[in-house]
2 protein chains.
Amino acid sequence: VFSGGDEGQFRIERITAIAGETLPDAARLHVAQAQEGPWPAFSLRGVVSNERYLTRVEKTALVAVQQPVGGQAARRGAFIPIRKSRAWWDLTQDERRQILEEKSHHIQIGMRALPQVARRLHHCRDLGTPEPFDFLTWFDYRPEDEPLFDDLLGALRATEEWTYVEREVEVRVSRG
Amino acid sequence: VFSGGDEGQFRIERITAIAGETLPDAARLHVAQAQEGPWPAFSLRGVVSNERYLTRVEKTALVAVQQPVGGQAARRGAFIPIRKSRAWWDLTQDERRQILEEKSHHIQIGMRALPQVARRLHHCRDLGTPEPFDFLTWFDYRPEDEPLFDDLLGALRATEEWTYVEREVEVRVSRG
């Protein structure tokens, strides 16, 4: 659960609406395993699940270099909730994979930012309750790696896959 | 939400544990869009979601012949909750697809029972709460098509994919 309000482990540096409606403004971001009551600005839930697109070759390559989120030196981060369009979800698995990797090189682009940028993906589409986003992505990195992270976002937003994003909000944070 | 108890639209004819633990015994099965309080025997939730494995060619073929569940003449049915093993979920997308269709012909076997057997799949893995099953499958058919349905189950349980099933319960029902 990612909640915005007056408390939380992370200071919110800025909230930017990349596509669609923004999120309510908040000073701090609270990241917790479970819902802890209502939050003044926003509260978004997601679950870590199995991977949907990776091949074994790609997973082996990723696992060899990626770092878990939460490392001591990773004092900057970004919380980026995303909703894709109905057109995306109406595609079949082979069509989505084709756009995600063969055309948009999503996995390959992400690999270029490893191991500096750590990422954890949370799914919200199948929670059984109406949710404003399909995914909640959570990244962290050392302050000196922020330009690498900026490039990663720029590259992903220039892809064909990104044309299916109908709502995206970027919440940049600092730990402490 | 599929609930077992003394009430519900369907009479439970029999409950059979195919793998792992069975479900508590109940006289009736209640199928509803939302949770309606605690049920004496069991209450299982799932959500209809996007397809995970179909290619466009397969989806086009399926859509051309399949019927929605709930048809007037389809007075027999089966509610089959399934949990797959950790080993299944640790596979990557390409490995799961390979076992599901290229080796086990799951989609092709299902096609043979169309349009007589209607099916709706519900996912429970990403509900955000601990759930005893990964999927809830719901089938209905006319009484005279029961042997075709029996053959479908037999064929699916003989596949390599099925070796990853660690819990499966078969609840056969009649409408009325």
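These figures come from a predicted structure and were not determined experimentally. To find a chain, count down the sequence lines: A is the first, B the second, and so on, and within it residues start at 1.
Of the residues considered (A/R45, A/Q93, A/H123), A/Q93 shows the highest number of contacts with chain B, using heavy-atom pairs under 4.5 Å. Of the residues considered (A/V48, A/T129, A/T55), A/T55 shows the highest number of contacts with chain B, using heavy-atom pairs under 4.5 Å.
With a 4.5 Å cut-off on non-hydrogen atoms, A/E95 touches chain B through its side chain but not through its backbone. Proximity to chain A is absent for every atom of B/R97, based on heavy atoms less than 4.5 angstrom apart.
Cluster membership check: A/I109 shares its hydrophobic cluster with A/I80, using side-chain heavy-atom separations under 4.5 Å among Ile, Leu, Val, Met, Phe, Trp and Tyr. A continuous path of Ile, Leu, Val, Met, Phe, Trp and Tyr side chains, each step under 4.5 Å between heavy atoms, connects B/L23 with B/L136, placing both in one hydrophobic cluster. There is no path of hydrophobic side-chain contacts, each under 4.5 Å, that joins A/W138 to A/V165. At a threshold of 4.5 Å between side-chain heavy atoms, the hydrophobic network of Ile, Leu, Val, Met, Phe, Trp and Tyr places B/L29 and B/L44 in one connected group. Cluster annotation: A/V173 and A/L152 are assigned to distinct hydrophobic clusters (Ile/Leu/Val/Met/Phe/Trp/Tyr, side-chain heavy-atom contacts under 4.5 Å, transitive).
A distance of 9.0 Å separates CD of A/E51 from CZ of B/R96, quoted to the nearest 0.5 Å. Taking CG from B/D126 and CG from A/N50, the interatomic distance works out to 6.5 Å, rounded to the nearest 0.5 Å.
Looking at B/R52 and A/D94, no side-chain N of the basic residue comes within less than 4.0 Å of a carboxylate O on the acidic one, giving no salt bridge.
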Criterion salt bridge (charged side-chain N to carboxylate O under 4.0 Å, His left out) on A/D90 and B/R56, from CA distance to verdict: CA-CA 10 Å; A/D90 281 346; B/R56 176 59 59 188; over 6 Å; no

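Heavy-atom neighbours of A/Q72 CD from other residues, nucleotides or ligands within 6.0 Å: at or below the threshold of 12. Heavy atoms from other residues, nucleotides or ligands lying under 6.0 Å from CG of B/D6 number 12 at most.
Annotation: side chain of A/V47 is not in contact with side chain of B/R125 (no heavy-atom distance under 4.5 Å). Contact check for B/E58 versus A/T92: no side-chain heavy atoms found under the 4.5 Å cut-off.
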